[in-house]
Amino acid sequence: MTIEPGPDQRNGTDAGQNYLASVADLVAGLIFVFVIMLAVFAYQLAQTTNVFVDINEELRAADETRREMLDAVAARLRGNGIRVEVLYEQGVLRLADNAVNFPSGLETPIPEHRANVGRLARAMAEVMPCYAAGRNPEPPDGRGDARAGTFCPGEAAPQPMTCPDRIYPWRLETLLIEGHTDDVPVSGATRYRDNLELSSMRAATVHRMIAACEPAVERLTNRAGQPILSTSGYGYARPATEDPARRAENRRIDLRFLLEPPDTTTGPGESPVGTDLREAIRRGGP
């Protein structure tokens, strides 16, 4: 004899089946949402990874370009018997004590080193045009090309280097002529208030000497049309040596090369760089 389930039993069974179906639908919906979220996360991760790859490539290209420039200038100076130290990570070319040194408390290089400023100007005139974005026109009165003083070695025109091919069009934004002093306070008999002012005047003096020897260097510009050549003074705050017996080495000039990355409006074949990357490279790299 077959016993048919009563109404209550049938209702309980249906209710249980409906409950299980609802739970299954809910779980399926949650899994679907999870899969969508995972796909979005994977996409964002891939995009972020690509950004970091691009940044690393840009920084690598900038580093290679600056190394080319530093090595080219250093090679020309060493060819003239001038010792230089290249600080690649800082983008600095440090002129050694036999290059451009200063008497204590004075802004003009010692007489036997003044010709080295002319050799430095010649090297800059040969190398820097490859890395500048442009140049200002020659002054109409011709005064910009008038050589001054006796520190310009020879009168032969610079021999421009063959500009290297580069994937990324990095350009010089600024070339800082940095003046330094030793830690001896300036004498009250001088016209300088302190070592900071003396170091700034040393940089300005070398700037004028370079411009007098090779005026074309002073006319080179960055992408904004601003002159590349500039100066700064650090006083005794950045010594090359802490040895008191060698403090004369701190009375020196450094050259700091700052690059600007490609513009976001560059032409075909040039790599656009975002604002954040431009700022990161300006601060920490090139």
Side-chain angles (χ1 to χ4, degrees), residues 62 65-66 68-70 72-74 76-77 91-93 95 100 107 109 114 116-149 151-166 168-179 200-233 253-267 269-270 272-273 275 278-279 281-282 286:
T65 300
R66 189 164 60 181
E68 288 176 359
M69 182 165 37
L70 289 166
V73 176
R76 282 160 173 76
L77 294 177
V92 168
L93 194 69
L95 303 179
V100 180
E107 66 185 60
R114 293 177 189 176
N116 287 341
V117 179
R119 296 183 177 97
L120 172 61
R122 179 71 52 80
M124 293 165 66
E126 292 177 346
V127 174
M128 286 174 53
C130 288
Y131 302 91
R135 69 179 66 201
N136 288 324
E138 180 182 343
D141 57 8
R143 287 183 301 173
D145 282 339
R147 293 174 181 264
F151 49 85
C152 302
E155 293 296 326
Q159 301 299 314
M161 66 179 283
T162 300
C163 299
D165 294 330
R166 296 186 302 279
Y168 300 96
W170 298 95
R171 292 290 181 266
L172 261 175
E173 180 184 44
T174 304
L175 198 166
L176 282 176
I177 301 170
E178 298 181 341
S200 298
M201 290 303 299
R202 284 176 174 170
T205 297
V206 172
H207 182 292
R208 295 188 190 101
M209 294 170 73
I210 290 173
C213 282
E214 298 295 344
V217 172
E218 194 177 31
R219 297 202 302 269
L220 295 174
T221 63
N222 56 26
R223 285 196 176 92
Q226 302 161 335
I228 287 173
L229 210 57
S230 188
T231 64
S232 62
I253 289 292
D254 289 345
L255 300 179
R256 186 179 300 272
F257 296 78
L258 303 177
L259 297 186
E260 55 182 348
D263 200 338
T264 54
T265 58
T266 52
E270 297 182 355
V273 181
T275 303
R278 292 171 63 84
E279 181 63 19
I281 294 173
R282 188 189 68 80

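The shown structure was predicted, so the numbers you read here are calculated from the model rather than taken from an experiment. Keep in mind that the numbers below use all heavy atoms, side chains included, and drop hydrogens, waters and symmetry copies.
- Between the CZ atom of Arg76 and the CZ atom of Arg119 there is a distance of 15.5 Å, given to the nearest 0.5 Å.
- Between Asn222 and Glu260, the closest side-chain pair of non-hydrogen atoms falls below 4.5 Å.
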Q: List the steps, then state whether side-chain contact (heavy atoms from CB on, under 4.5 Å) holds for Thr205 with Glu107.
A: CA-CA 7 Å; Thr205 297; Glu107 66 185 60; 3.3 Å; yes

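- Minimum heavy-atom separation, Cys213 to Gly118: SG-CA, 3.9 Å.
- Using a 4.5 Å heavy-atom threshold, the side chains of Glu214 and Pro158 count as touching.
- Side chains of Pro109 and Met209 form a contact here, defined as non-hydrogen atoms less than 4.5 Å apart.
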(Q) Set out, in order, the CA-CA distance, both residues' side-chain angles and the distance that settles side-chain contact (heavy atoms from CB on, under 4.5 Å) for Leu120 and Leu95, then state yes or no. (A) CA-CA 10 Å; Leu120 172 61; Leu95 303 179; 4.0 Å; yes

Q | Chi angles and distances behind the side-chain contact (heavy atoms from CB on, under 4.5 Å) call for Leu175, Leu258 | A | CA-CA 6 Å; Leu175 198 166; Leu258 303 177; over 6 Å; no

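- In plain terms, the two heavy atoms of Ala203 and Ser232 that are nearest each other are CB-O, 3.5 Å.
- Put simply, the side chain of Cys130 reaches to within 4.5 Å of the side chain of Met161, judged on heavy atoms.
- Proximity of Leu255 to Val92: side-chain heavy atoms (C-beta onward) are nowhere separated by under 4.5 Å.
- At least one side-chain heavy atom of Leu229 sits less than 4.5 Å from a side-chain heavy atom of His207.
- For the side-chain hydrogen bond (donor to acceptor under 3.5 Å, both in side chains) test, residues two or more places apart in sequence or in another chain that qualify with Arg256 are Glu178.
- Environment of CZ in Arg135: sparse, with no more than 12 heavy atoms of neighbouring residues, nucleotides or ligands closer than 6.0 Å.
- One finds the CD atom of Glu218 at 10.5 Å from the OG atom of Ser230 (value rounded to the nearest 0.5 Å).
- Between atom CZ of residue Phe257 and atom CD1 of residue Ile228 there is a gap of 10.0 Å, rounded to the nearest 0.5 Å.
- Note that OG1 of Thr231 is 8.5 Å distant from CZ of Arg208, once rounded to the nearest 0.5 Å.
- Rounding to the nearest 0.5 angstrom, the gap separating the CE atom in Met69 from the CG atom in Leu93 is 10.5 Å.
- Looking at Ile210 and Val117, their side chains come closer than 4.5 Å, going by heavy atoms from C-beta outward.
- Across every non-hydrogen atom of Gly225 and Asn136, the tightest pair is O-OD1, 4.1 Å.
- Looking only at side-chain heavy atoms (C-beta outward), Val73 and Met128 stay at 4.5 Å or farther from each other.
- Remark: Ile177 CD1 to Ser200 OG distance equals 12.5 Å, nearest 0.5 Å.
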Q: Please lay out, stage by stage, how Trp170 and Arg66 fare under the test side-chain contact (heavy atoms from CB on, under 4.5 Å).
A: CA-CA 9 Å; Trp170 298 95; Arg66 189 164 60 181; over 6 Å; no

